[in-house]
Amino acid sequence: YDFWGAAIKAHRPIAGGFSVNAGYRHREGFNGGDLKEDRLSGGLSYAVNKKSDLGVTYYRTRSGGNDNDAIGVGLTHKF
């Protein structure tokens, strides 16, 4: 697919090593292509130590008139 996209994401520490995040992403195909997608996300992460975070994120994706919900679990390691 050839497409363009734009996204925004906010990340905010709260307390005790926890942080919250929220985001929005839009992708769309050039010249009226088949791809048109909007995604909202929100999540919570915990700083396991200074270099590693463990998090969970909820995603709601709308694409082609279909809504999909997903939950992602991730480990981020900073080098």
Side-chain angles (χ1 to χ4, degrees):
Y1 285 105
D2 289 333
F3 65 89
W4 66 272
I8 187 168
K9 187 173 183 179
H11 175 87
R12 176 90 176 156
I14 46 178
F18 286 94
S19 297
V20 294
N21 67 69
Y24 171 78
R25 180 180 77 183
H26 176 82
R27 297 192 306 176
E28 190 169 331
F30 289 111
N31 301 321
D34 295 333
L35 177 65
K36 185 171 184 183
E37 179 182 273
D38 292 295
R39 182 172 79 179
L40 294 171
S41 63
L44 179 70
S45 63
Y46 177 71
V48 177
N49 56 43
K50 289 185 178 187
K51 292 191 173 195
S52 299
D53 295 338
L54 182 61
V56 62
T57 304
Y58 167 77
Y59 300 96
R60 161 139 301 184
T61 304
R62 176 171 283 170
S63 180
N66 296 317
D67 289 345
N68 295 300
D69 299 310
I71 296 174
V73 177
L75 175 64
T76 303
H77 183 74
K78 302 169 188 103
F79 292 94

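No more than 12 heavy-atom neighbours from other residues, nucleotides or ligands sit within 6.0 angstrom of NZ on K51. By the neighbour-count criterion of 12 heavy atoms within 6.0 Å, atom CD1 of I8 is sparsely surrounded, having that number or fewer from other residues, nucleotides or ligands.
Closest approach of N21 and L44 over heavy atoms only: ND2-N, 4.3 Å. Between Y59 and S41, the shortest heavy-atom contact is CD2-CB, 3.6 Å. Shortest non-hydrogen contact noted between W4 and F30 is CB-CZ, 3.8 Å. The shortest heavy-atom contact between S19 and P13 is OG-CA, 3.5 Å.
Within the model, atoms CZ of R25 and CG of L40 stand 11.0 Å from one another, a figure rounded to the nearest 0.5 Å. Within the model, atoms CD of E37 and OG1 of T61 stand 5.5 Å from one another, a figure rounded to the nearest 0.5 Å. To the nearest 0.5 Å, atom OH of residue Y58 and atom CG of residue D69 are 3.5 Å apart.
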Run the numbers on S45 and H11 for side-chain contact (heavy atoms from CB on, under 4.5 Å), then give the verdict. CA-CA 10 Å; S45 63; H11 175 87; 4.2 Å; yes
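Each of D38, D67, N68 was evaluated against R62; a single residue qualifies, D67, per the side-chain hydrogen bond (donor to acceptor under 3.5 Å, both in side chains) test.
V20 and L54 fall within a single hydrophobic cluster, where Ile, Leu, Val, Met, Phe, Trp and Tyr are joined by side-chain heavy atoms under 4.5 Å apart, directly or via other members.
Taking the six-membered ring where the residue is Trp, Y24 and H26 present parallel rings, their angle staying beneath 30° rather than reaching 60°.
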